[in-house]
Amino acid sequence: MNNRYEIIVVGGGHAGCEAALAAARMGASTLLVTISEADIARMPCNPAIGGLAKGQLVREIDALGGEMGVCIDCAGIQFRMLNRGKGPAVWSPRAQADKKIYHEKMIATLRECGNLDLLEAEVSGLEVSGGRVSGVTVAGGMAIAAEKVVLALGTFPNGLMHVGEKQIPGGREGEPPSCLLSDAMSELGLERRRLKTGTPARLARDSIDYSLCEEQKGDSDPAPFSFRTGRLDVEQVSCYITYTGEKTHELIKKNIGRSPLFSGQIQGVGPRYCPSIEDKVVRFSDRQRHQIFLEPEGRDSEEIYINGLSTSLPADVQAEMISSVPGLADARIIRYGYAIEYDFFPPWQIHSTMESRKIGGLYMAGQVNGTSGYEEAAAQGLWAGINAVLAIRGTSPFGLGRHQAYAGVMVDDLITKDIDEPYRMFTSRAEHRLLLRQDNADERLMRYGVRFGLIERKMWEEMITRKKNVHSAARRLERLVIPAGDVSRILEKAGVQGAKEPKRASKLLQRPELGLEALEQVLPEGTIDLSAREREMLSINLKYDGYIKRQKKTAQKIMRMDKTRIPDHFSFEIDALSTEAREKLEKFRPETLGQASRITGVRNSDLSVLMVFLGRHFSVGQDKAVPGAEKDGIRGGTEKKDRK
């Protein structure tokens with residue numbers, strides 16, 4: 001270990017791992033500091049990666065050159081594509097993970113990475129000079145210098161765990177909290193608040209009666225997360241579903257006063273969309289049952305995670321509650337559930353690069369910004385690591401718009417909205433989700449990974465070849481006209497009504513009832529000579545062509561506002577602005593007019609005023625806020641149009 005690095009990353013969770021790997025792979029001398037190497041890339045809560053919208057984030061991380069997708073492909077024990085019954089805009093990959101293998105794969109990757117050192121220590125403070133970070137201080141007083149510091153602290157800042165009336169200081173079970181660093185950050189002028197999250201009990205695998213539960217198997221032909229994984233060859237493990245019932249709910253209601261959530265013991269705000277079981281029973285009192293998933297924590301692990309039964313009730317109540325659930329009457333509890341309160345630093349205090357507004361060179365990623373989830377944290381860590389290196393090089397920062405990536409939606413939300421509960425990504429947060437599908441993340445983002453040296457150019461070339469193959473097949477289908485007799489035959493075989501007249505093959509495929517297999521029955525042999533993945537791309541592109549074009553037009557309008565930059569020291573003390581708008585704009589300091597439009601409390605009339613005042617600085621459309629937007633096939637308006 002040296003005493004000077006270009007970048008120091010504090011925290012070995014999912015955000016810290018991605019930040020450290022990105023920085024080191026881009027050529028920066030990097031140090032990852034963690035309290036214990038044994039806890040690197042742990043999954044302290046659910047043993048899974050991906051899920052609704054989260055799966056899209058993992059695909060984006062992978063396309064940019066991150067490691068999460070590669071690790072879960074190695075450690076996955078069950079793979080499923082969620083929402084297959086709906087449109088492709090919301091298909092989301094999810095995998096159950098062997099937590100031990102995931103950790104081992106990630107730590108091996110870190111150790112093998114050039115330019116990267118690991119240090120087991122607790123960071124107790126930041127070295128700051130002239131308003132800029134210059135390094136960190138570890139417990140014991142040793143200072144290590146750095147040009148940039150990335151903080152990925154998880155739930156450790158002043159962490160406090162709750163099991164009923166019992167309170168235990170800790171970042172998670174068995175690990176101490178990080179109090180010194182959180183206090184030091186507060187003393188440096190960073191505002192902090194409290195949030196809460198929780199986890200359920202773990203059960204012994206052999207103590208569950210699975211005959212009373214519903215089996216949930218993985219996909220028969222599982223799709224990998226990483227674009228670098230050719231094919232998954234894995235023996236999949238089943239999960240199981242059971243439900244709470246009237247007895248469970250009555251027991252919880254009877255002991256609700258002993259829950260730290262309802263006794264006033266917990267002050268932090270918990271996640272609305274992933275509530276504890278006691279919160280669900282109170283908020284949804286008309287529900288007769290709640291679904292519970294029994295998920296193995298590893299292929300050979302004896303522990304079963306009870307997804308849907310997160311709780312901070314006392315241990316004796318937890319035991320009685322669990323035994324009331326079908327299949328769990330004789331279940332042995334290995335570890336009890338708990339809630340945890342922790343400090344976070346509201347993200348209106350960071351720029352879109354993840355750099356602090358108050359302390360130059362200090363980047364923040366993950367739960368320290370108020371987010372919840374491994375995937376959200378990893379995406380932020382990668383984003384912060386890339387930007388820290390670009391800042392050292394003196395090159396333009398990296399950023400993605402809401403039309404380019406779920407990661408772009410998340411970062412934009414963090415810096416334009418008040419975070420008063422743990423932020424979780426959902427497909428509904430993305431206005432252009434048909435453009436941001438999980439299957440096209442490589443087309444959208446891989447060029448950035450290549451540009452930063454995080455993706456081999458070979459991967460980029462393979463993606464370009466796939467894209468060309470699909471485009472050529474689409475052109476062939478657009479030119480081919482299917483005779484009326486063949487149209488009638490395949491429609492009748494599909495059991496649907498339709499005009500019995502000649503149709504272009506591309507138009508025929510747009511019918512929801514028809515797939516490529518049906519169309520191939522009447523096409524010349526070899527017309528669709530594509531791989532399985534290319535066939536899926538072709539089908540989606542043709543079936544949703546009209547919707548995709550409309551979303552691109554909408555995105556184009558929004559992007560014009562995102563191209564209008566607001567100078568760093570622009571004063572929002574403008575009399576014509578509403579009082580609420582002035583307060584919010586000064587607090588959030590939007591970097592573009594588009595960001596300003598998404599701040600709650602800023603009205604259309606306020607935006608009109610801003611446009612007038614910004615026009616005095618420069619013409620609209622002169623400065624791009626989102627790099628590479630034109631290459632996405634979305635063009636901003638011309639300068640003349642923008643000036644109008």
Side-chain angles (χ1 to χ4, degrees), residues 347-348 350-355 357 383 387 396-419 423 425 428-436 444-445 448 550-572 574 576-578 580-639 641-644:
W348 57 261
I350 61 173
H351 295 289
S352 61
T353 58
M354 315 305 286
E355 183 179 15
R357 290 177 176 172
W383 191 297
N387 273 309
S396 299
F398 167 66
L400 296 168
R402 298 180 73 92
H403 68 286
Q404 289 178 295
Y406 272 84
V409 173
M410 175 179 64
V411 172
D412 187 71
D413 281 349
L414 291 179
I415 63 175
T416 60
K417 293 175 172 53
D418 265 317
I419 303 299
Y423 177 94
M425 179 52 70
S428 58
R429 295 191 190 275
E431 305 92 330
H432 314 299
R433 51 187 172 273
L434 190 53
L435 305 181
L436 309 182
R444 292 184 278 119
L445 304 178
Y448 296 111
R550 282 202 290 273
Q551 283 209 356
K552 283 185 176 181
K553 287 182 179 179
T554 304
Q556 177 183 334
K557 295 176 183 177
I558 295 173
M559 205 183 82
R560 289 175 184 170
M561 296 183 71
D562 279 328
K563 288 175 66 178
T564 308
R565 297 199 67 86
I566 299 175
D568 290 342
H569 303 293
F570 184 85
S571 174
F572 294 103
I574 302 171
L577 290 174
S578 67
E580 183 181 11
R582 285 200 302 272
E583 292 175 353
K584 290 291 183 70
L585 290 168
E586 281 294 346
K587 176 180 178 179
F588 288 99
R589 300 294 312 175
E591 298 167 2
T592 68
L593 190 63
Q595 287 180 6
S597 71
R598 294 186 286 273
I599 295 174
T600 304
V602 177
R603 299 173 294 194
N604 288 336
S605 57
D606 296 316
L607 293 174
S608 298
V609 172
L610 274 180
M611 290 183 73
V612 170
F613 276 79
L614 287 170
R616 298 176 184 175
H617 287 80
F618 52 84
S619 296
V620 174
Q622 294 291 301
D623 195 6
K624 295 176 187 174
V626 180
E630 289 77 9
K631 295 180 182 178
D632 284 337
I634 301 174
R635 295 186 298 105
T638 63
E639 290 181 16
K641 286 183 180 178
D642 284 339
R643 283 172 183 157
K644 284 183 181 179

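As a basis for the values below, the full set of heavy atoms in this structure was taken, side chains included, without hydrogen atoms, waters or symmetry mates. For reference, positions follow the sequence shown, starting with 1. Note that the structure is a prediction, hence the values are computed from the model and not measured.
A 4.5 Å side-chain heavy-atom check between Pro590 and Leu585 finds at least one atom pair inside the cut-off. Asp418 is listed as a side-chain neighbour of Phe588, based on a closest heavy-atom distance under 4.5 Å. For the pair Gln595 and Ile599, the minimum side-chain heavy-atom distance is 4.5 Å or more. With a 4.5 Å cut-off on side-chain heavy atoms, Asn387 and Glu355 do not count as touching. Looking at Val409 and Arg433, their side chains never come closer than 4.5 Å, going by heavy atoms from C-beta outward.
Atom CD1 of residue Ile415 and atom CE of residue Met354 lie 9.0 Å apart, to the nearest 0.5 angstrom. Here the NZ atom belonging to Lys552 is positioned 12.5 Å from the NE2 atom belonging to His432, to the nearest 0.5 angstrom. The CG atom of Leu414 lies 6.0 Å from the OH atom of Tyr423; values are rounded to the nearest 0.5 Å. Between the CD atom in Glu591 and the NE2 atom in His351 there is a gap of 6.5 Å [rounded to 0.5 Å]. Rounding to the nearest 0.5 angstrom, the gap separating the CG atom in Asp562 from the CZ atom in Arg560 is 12.5 Å. Separating the OG atom in Ser608 from the CZ atom in Phe613 is a distance of 12.5 Å, to the nearest 0.5 Å.
In plain terms, the two heavy atoms of Ala596 and Leu610 that are nearest each other are CB-CD1, 4.1 Å. Residues Trp383 and Leu400 share a closest heavy-atom pair of CH2-N, 3.4 Å. Contact detail for Leu614 and Arg565: the closest heavy-atom pair is CD2-O, 4.1 Å. Considering all non-hydrogen atoms of both residues, Leu436 and His403 come closest at CD2-O, 3.2 Å. For Ser597 against Leu607, the heavy-atom pair with the smallest separation is CB-CD1, 3.6 Å. Lys584 and Thr600 make their closest contact through NZ-O, 3.0 Å (heavy atoms, listed as atom of the first residue, atom of the second, distance).
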Exercise for review: Walk me through it: do Asp412 and Arg429 pass the test salt bridge (Lys or Arg N to Asp or Glu O under 4.0 Å)?
Suggested key: CA-CA 11 Å; Asp412 187 71; Arg429 295 191 190 275; over 6 Å; no
Practice item. Could you check Asp413 against Arg598 for salt bridge (Lys or Arg N to Asp or Glu O under 4.0 Å), going step by step and ending with a plain yes or no? Key: CA-CA 8 Å; Asp413 281 349; Arg598 294 186 286 273; over 6 Å; no
Exercise for review: I would like to know whether Met611 and Thr564 meet side chain to side chain contact (heavy atoms under 4.5 Å, CB included); could you show each step before the answer?
Suggested key: CA-CA 9 Å; Met611 290 183 73; Thr564 308; over 6 Å; no
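Applying the salt bridge (Lys or Arg N to Asp or Glu O under 4.0 Å) rule to Arg603 yields the partners Asp606; only residues at least two apart in sequence or on another chain are considered. For Arg589, the salt bridge (Lys or Arg N to Asp or Glu O under 4.0 Å) partners two or more places apart in sequence, or in a different chain, are Glu586. When the salt bridge (Lys or Arg N to Asp or Glu O under 4.0 Å) test is applied to Glu583, no partner is found at least two apart in sequence or on another chain.
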